[in-house]
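First comes the structure, then the notes that go with it.
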Amino acid sequence: MEQSKARITAIGSYVPDKRMTNFDLEKLVDTNDEWIMQRTGIRERRISEPDQYTSDLCVSAAQDLMRRYDKSLYDVDLILVATTTPDFIFPSVAAIVQDKLGISSSVGVIDLSAACSGFVYALHVAQGMVASGLHRKVLVFGADTMSKITDYTDRTTCILFGDGAGVVLVESETEETSFLAYHQGTDGIGGAHVYLNGIADKLNGVELSNTGNIVQNGREVFRWAVRNVPEGVKAILEKSSFTTNDVDWFIPHSANLRIIEPICERTGIPLERTLYSLENFGNTSAATIPLSLDLGIREGKLNDGDRILIYGFGAGLTHAGLLLNWNLHPQVQLPEAK
Ligand code: UT7
């Protein structure tokens, strides 16, 4: 029997309609457009409606995928949702998505919590599931509604985050794999540098008035990422037979352009061969990489046959990257212009 290979066959994405510009933020906190652009490269972000949750963003992203890849998702046999902003702690977003998309009840559903590294982790799990023959058709979401855990009185965090969702379909086939090499790392000692306050404090008996918000020591995360991501990129390339020259597109997590620039410098991949989604969407956590992939397609930059290196990093502290052979199913249509 031929061994299964895991291939990314289709993609979809969604961002909410509501925009929050740097000028809008000037009215909320002591900041300004010039500081935000200079320090982050972020111009605006999309913000979900009060009754619009991560599962809603996932469903809209999957509907976008279905418009472009005219195949039923009914027989998907595993749904993975990388998110740290689930609608509820339980039930999982993946279970809600199964219901809303009308996918067969024989599907498995898992939420996966690895913050901004989450989409890469979920793709890695999907690859393992499909290549091992345990699953045949896996939907992998990276989705977050960061605005719901953002403190809009904290100028050091509220300027960064936005909401969005992306999804890819990983299918079993015998001809070619999309997955060329993987690398991961964890520094749990840095957990306090970026976390969600509230629940752990409550478990420890500490009552906080300001709970359920992201708390971050931006400078520490910044330093850690600039050190660790280039090393991770090097490790992935060493595990494959490729060099930086063979990478058509580098897609690091869209945390901040001022982090991406030194990462590019240290890896030797020029910024011109880098895709990011932060300028118009901000830091959407687990969604930044699939949003950047889809933006690359929509802008006519990313094409089938390209070799791409995606790299997530964030809370944990965790980081993870994948070298991918980008070859969607030939039946996939280009997205309509937005
Ligand atoms: O995706 C999850 C992982 N998270 C990240 O990757 C975030 C990584 N870190 C960052 O993106 C950056 O550290 C930030 C954008 C968060 C901050 O940029 P920074 O260049 O590291 O600024 P800083 O924290 O060192 O602050 C510099 C100054 C401070 O003023 P003083 O103490 O020098 O007088 C801050 O109070 O800038 C001040 N400041 C602001 N000023 C205007 C901080 N936030 C703002 C603001 N507007 N929004």
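Numbers here are sequence positions counted from 1. Atoms within a ligand are numbered from 1 in the order they appear, just like the ligands themselves.
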Can you report which non-hydrogen protein atom sits closest to [atom], along with the distance?
atom	answer
atom 6 (O) of ligand 1	Ala255 CB, 3.3 Å
atom 2 (C) of ligand 1	Cys116 SG, 3.5 Å
atom 10 (C) of ligand 1	Asn256 ND2, 3.5 Å
atom 5 (C) of ligand 1	Gln216 OE1, 3.5 Å
atom 21 (O) of ligand 1	Arg219 NE, 4.2 Å
atom 19 (P) of ligand 1	Arg39 NH1, 3.7 Å
atom 16 (C) of ligand 1	Thr156 O, 3.8 Å

With heavy atoms only and a cut-off of under 4.0 Å, state how [X] meets ligand 1: side chain, backbone, both or neither.
X	answer
Thr31	both
Ile36	neither
Val194	neither

Taking distance alone, with N or O pairs closer than 3.5 Å, would you say [X] contacts ligand 1?
X	answer
Leu160	no
Thr40	no
Asn32	no

Below 4.0 angstrom, N of the basic side chain to O of the carboxylate: do [X] and [Y] qualify?
X	Y	result
Glu220	Arg223	yes
Lys100	Asp56	yes
Glu173	Lys5	no
Glu171	Arg7	no
Asp30	Arg155	yes
Asp75	Lys137	yes

Measure the CG-CZ distance between Asp294 and Arg68 for me, rounded to the nearest 0.5 Å.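 One finds 4.0 Å between CG of Asp294 and CZ of Arg68.
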Of all the heavy atoms in Ala225, does at least one lie under 4.0 Å from an atom in ligand 1?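 No heavy atom of Ala225 comes that close to ligand 1.
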When you measure from [atom] to the protein, is at least one non-hydrogen atom found at a distance under 4.0 Å?
atom	result
atom 34 (O) of ligand 1	no
atom 25 (O) of ligand 1	yes
atom 13 (O) of ligand 1	yes
atom 30 (O) of ligand 1	no

Mark up the atoms of ligand 1 that fall under 4.0 Å of a heavy atom belonging to [X], in ascending order.
X	result
Val221	3 (C), 4 (N), 5 (C), 6 (O)
Ile259	6 (O), 8 (C)
Arg258	20 (O)
Ile159	48 (N)

With distance as the sole test, does [X] use its side chain to make a donor-acceptor pair with the main-chain N or O of [Y] at under 3.5 Å?
X	Y	value
Asn283	Leu160	no
Asp306	Asp248	no
Asp144	Ser285	no
Asp33	Asn22	no

The one among [options] that brings a heavy atom closest to [atom]:
atom	options	value
atom 48 (N) of ligand 1	Arg155, Glu34, His253	Arg155
atom 18 (O) of ligand 1	Trp35, Trp224, Phe222	Trp35
atom 9 (N) of ligand 1	Ala286, Gly218, Gly282, Ser117	Gly218
atom 1 (O) of ligand 1	Asn283, Thr288, Ile42	Asn283

Ignoring hydrogens and angles, state whether a donor on the side chain of Ser117 or Thr318 is under 3.5 Å from an acceptor on the partner side chain.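 Distance-only check passes for Ser117 and Thr318.
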With a 4.5 Å cut-off on side-chain heavy atoms, are Ile260 and Phe250 touching?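 Side-chain contact under 4.5 Å: no.
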Does the side chain of Leu291 reach to within under 4.5 Å of the side chain of Tyr14, using non-hydrogen atoms? no
What do you reckon, are the aromatic ring centroids of His253 and Tyr311 less than 6.0 Å apart? no
